[in-house]
Peer 1: 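Before I ask anything, let me first share the structure, which is written out below as structure tokens.
The basis for the numbers below is simple: all heavy atoms, side chains too, and nothing from hydrogens, waters or symmetry mates. Every value quoted in this text rests on a predicted model; they were computed, and no experiment measured them.
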Amino acid sequence: MAKAHSPIKLHVPEPAFRPGDTPDFSSLDIPAAGSVRRPPVHVSPEEIRDLAYSIIRVMDDAGAAVGPWDESLDSATAIRGLRYMMKTRVYDQRMVMAQRQGKTSFYMQCTGEEAVAVAQQMALEPGDMHFPTYRQQGLLIAAEHPLEEMACQIFSNPGDALQGRQLPVMYSFRESGFFSISGNLGTQYVQAVGWAMASAIKGDSKIAAGWIGEGATAENDFHSALLYASVYNPPVILNVVNNQWAISTFQGLAAGDSATFASRAHGYGLASLRVDGNDFLAVHAVSRWASARARSGFGPTLIEWVTYRVAAHSTSDDPSQYRPQGEASAWPLGDPVERLKQHLIGRGAWSEELHARAQEEIETEVRQAVRRAEALGTLNSGSKPSIKEMFEDVYKEMPPHLRKQRQQLGV
Amino acid sequence: MNMIEAIRDAMDIMLAQDDNVVVFGEDVGYFGGVFRCTAGLQAKHGKHRVFDTPINESGIVGVAIGMGAYGLRPCVEIQFADYVYPAYDQIASEAARLRHRSNGQFYAPLVIRMPTGGGIFGGQTHSQSPEALFTHVSGLKTVVPSNPYDAKGLLISSIEDDDPVIFLEPKRLYNGPFDGHHERPSIPWSKHPLGEVPEHHYHVPLGEAAVRRQGSAVTILAYGTMVYVAEAAAAETGIDAEIIDLRTLLPLDMATIETSVKKTGRCMVVHEATLTSGFGAELCALVQESCFYHLEAPIERVTGWDTPYPHALEWEYFPGPARVGSALKRMMEA
Ligand SMILES: Cc1ncc(C[n+]2csc(CCOP(=O)(O)OP(=O)(O)O)c2C)c(N)n1
């Protein structure tokens, strides 16, 4: 006789806190700065499986750099990094304002996550290729890509290198090692692996860096990327930016309740590390480690950057609908700008006065660059990219049917 | 009701009436969807009936097929039609063919809702109209409502239907009957008779078109946003067009189309999707097959250009009333 079973219940993961709750991250396991070991770059993935469940940190609560991942980064470089992060933040603020003023349709900030893109860019080499998401503007700023050109893309004006074709923030700047951003999540992660495979096929020494949000790791293409990375061992860094939220969806819905994103690599036999993404020095050191590993032919590294999305998902989003007020300030890994600033002050290389002056200089620089861009037009005023351009680049050579359509439009 | 409320109301009624109905998708549960179509449904019906999914479209459709085969009636959301492609294999190879390949042992009674179309400065990844990719696949039904009344009645019919239904929601119509005049203030559904939506359960059957405007000079075949663009063009040119809102692309109400074209002797097809191999091509073929000897002019198509949907030049791309109007005039001279 069949045994009587009790009814099974569907498990639907829920975040710990929703609007109205008091956020409390005390259950997040954060190891002390300096406590996580630093393996050699040729380490085998099996030997570092535990590092996918830890968090590599360099700066302690007082701002001192400690432990095996402290590379004693020189002050000049660290100050450069600080300024890039500040500039990224100022640029974001300025562009959100421009969106509110109707100068563009849409914008996405990376507030609170600046260290991840900025420090990694500084750790890689010219000629390497990033396959970013829409939240890695810090890569361009740290590559010293002209701000004015970035702003022209946001305004979709005649100075826009992409002819107003793409949604704001979906940049493409090949010369700055910045691959064309797609709006379709996850698609580019596996393309980064392909770029790295090409580098290996051609015997080059360049590496690729793929970028993805923790939410988008749910896409099949994330898994395709890990699969190809594990099979062909190409020189690629697989970055997962875990900023806790994917629009209204908390990170547990992409990883399940207990897994880390770094541990996703294990099923594929890939090396992976989990890192404090708000610790500039840790991001820089771990990126250098992964870059050296890739460039020396030891293959891919998946890195989970633990951080927090402080701002709304985009200018179309209102996070107070789905997460508690004050969650950003309760976030235990702090603010990347503030932390690097304190570290540099502690080192004696920086001060409140220098910081305030830098802030002012950056604001002026950003304001001026954005003004120059605005002078060329914004989405709703001034001139627009040429209508003819809409029909260009669909193919290398325009086929007859498109030529005919262009004529119908009278351009 | 606006179209968002009407769509929500249809799901709400079906969730209450049939405990096999489940609703899920990205940001659909707690938050209620980025366009708010499912707002409040989780709180009312519980998180086992209405829930968030990982960002994985093939998974959304794949699990919906499994659930549908088990006996549930999933009504799932793809956040934008532009993001349906990862799910295309599950839709085209699996949902569409399950009944046929298992000789009816299994089938997939699911609805896949997705916002389509442009007009919101969404650029190439928030503006597409991929209806032809679904009408081309045997085994799928494809529905495009143009107003709140139809949206509710068609969604109820779709959820109750035993075949997989692709339910395309023209996002520019969510809040009002947009006619392409982007420079004018928008009109809310509260000012339009089809924004009047009964609270109870009702059907708008799949496969029945609606004549939106009676006319004698030319038949315009349209669906979604283009219905209002066609109305504006007819009003502005003074050409007495008969405007047919197809509502369901597959099954298609050929009888209504044929009667109209035989009466007017002219036919124009308008859609926002790209021209080449678009649904308009199918309509042209069908009309000439059944009405060839009644046609006084070649059938015209007015559509989006065969390029990706641009951001800055959205209105140069969009087949608005000016383009439809001049095509109408050209046709009448022929
Ligand atoms: C294939 C696809 N599905 C859905 C979307 C809609 N969408 C845009 S961003 C986003 C959330 C992504 O979250 P995450 O990957 O965590 O990155 P974050 O925005 O937090 O940086 C979603 C669902 C999309 N752009 N592409």
Peer 1: Is there a side-chain contact between A:Phe106 and B:Phe121 in this structure, where contact means two heavy atoms from C-beta onward sitting under 4.5 Å apart?
Peer 2: no

Peer 1: Answer yes or no: is there a side-chain heavy-atom contact under 4.5 Å between B:His311 and A:Gln163?
Peer 2: no

Peer 1: What part of B:Tyr317 gets within 4.5 angstrom of chain A, counting heavy atoms only: side chain, backbone, both, or neither?
Peer 2: both

Peer 1: Quick check on A:Val394 against chain B: is it the side chain, the backbone, both or neither that has a heavy atom closer than 4.5 Å?
Peer 2: side chain

Peer 1: Could you have a look at B:Tyr85, B:Trp305, B:Tyr309 and say which one has the most heavy-atom pairs with chain A under 4.5 angstrom?
Peer 2: B:Trp305

Peer 1: A side-chain contact here means heavy atoms from C-beta on lying under 4.5 Å apart; do B:Gln79 and A:Ile247 qualify?
Peer 2: yes

Peer 1: So for B:Phe51, is it side chain, backbone, both, or neither that comes closer than 4.5 Å to the heavy atoms of chain A?
Peer 2: side chain

Peer 1: Can you tell me which of A:Ala218, A:Ser316, A:Ala246 forms the most heavy-atom pairs within a distance under 4.5 Å of chain B?
Peer 2: A:Ala218

Peer 1: What part of A:Leu253 is in contact with chain B, defined as an atom under 4.5 angstrom from a non-hydrogen atom: side chain, backbone, both or neither?
Peer 2: both

Peer 1: Any side-chain donor paired with an acceptor under 3.5 Å for B:Asn56 and A:Asn220?
Peer 2: yes

Peer 1: For the interface with chain A, which of B:Thr53, B:Thr276, B:Ile120 has the highest count of heavy-atom pairs at distances below 4.5 Å?
Peer 2: B:Thr53

Peer 1: Which region of B:Ser326, side chain (C-beta onward) or backbone (N, CA, C, O), has a non-hydrogen atom less than 4.5 Å from a non-hydrogen atom of chain A, or is it both or neither?
Peer 2: neither

Peer 1: Can you find a pair of side-chain heavy atoms, one from B:Gln124 and one from A:Met170, that are under 4.5 Å apart?
Peer 2: no

Peer 1: What parts of residues 404-411 of chain A touch chain B if we use heavy atoms and a cut-off under 4.5 Å?
Peer 2: A:Gln405, A:Gln408, A:Leu409

Peer 1: Using non-hydrogen atoms only, which part of A:Pro319 is less than 4.5 Å away from chain B: side chain, backbone, both, or neither?
Peer 2: neither

Peer 1: If I measure from the heavy atoms of chain B, does A:Thr378 come under 4.5 Å with its side chain, its backbone, both, or neither?
Peer 2: neither

Peer 1: Please round to the nearest 0.5 Å and tell me the distance separating atom OG of A:Ser182 and atom CG of B:Asp82.
Peer 2: 10.0 Å

Peer 1: Heavy-atom cut-off 4.5 Å, strictly under: side chain, backbone, both or neither for A:Ala216 against chain B?
Peer 2: backbone

Peer 1: Looking at every non-hydrogen atom in both residues, tell me the closest pair between A:Met390 and B:Pro310 and how far apart they are.
Peer 2: SD-CG, 3.4 Å

Peer 1: Side chain, backbone, both or neither: which part of B:Glu57 has an atom under 4.5 Å from a heavy atom of chain A?
Peer 2: both

Peer 1: Please determine whether the number of non-hydrogen atoms from other residues, nucleotides or ligands lying under 6.0 Å from atom NE2 of B:His136 exceeds 12.
Peer 2: no

Peer 1: Where on A:Glu14 is there a heavy atom nearer than 4.5 Å to chain B: the side chain, the backbone, both, or neither?
Peer 2: side chain

Peer 1: Which atom names give the shortest non-hydrogen contact between B:Asp52 and A:Arg18, and what distance separates them?
Peer 2: OD2-NH2, 4.2 Å

Peer 1: Which residue out of B:Gly59, B:Gly122, B:Gly123, B:Pro86 racks up the most heavy-atom pairs below 4.5 Å with chain A?
Peer 2: B:Gly122

Peer 1: Measure the spacing between CG of B:Leu313 and CD1 of A:Ile387 and express it to the nearest 0.5 Å.
Peer 2: 6.0 Å

Peer 1: Does a side-chain heavy-atom distance below 4.5 Å link B:Thr307 with A:Leu402?
Peer 2: yes

Peer 1: At a 4.5 Å cut-off on heavy atoms, which part of A:His401 comes close to chain B: side chain, backbone, both, or neither?
Peer 2: side chain

Peer 1: Are any side-chain N or O atoms of B:His48 and backbone N or O atoms of A:Lys9, one a donor and one an acceptor, separated by less than 3.5 Å?
Peer 2: no

Peer 1: Just checking heavy atoms, which of residues 23-34 of chain B are less than 4.5 Å from chain A?
Peer 2: B:Asp27, B:Tyr30, B:Phe31, B:Val34

Peer 1: Given a strict heavy-atom distance threshold of 4.5 Å, which part of B:Leu275 is in contact with chain A: side chain, backbone, both, or neither?
Peer 2: side chain

Peer 1: Any side-chain heavy atom of A:Asn184 sitting closer than 4.5 Å to one from B:Thr125?
Peer 2: yes

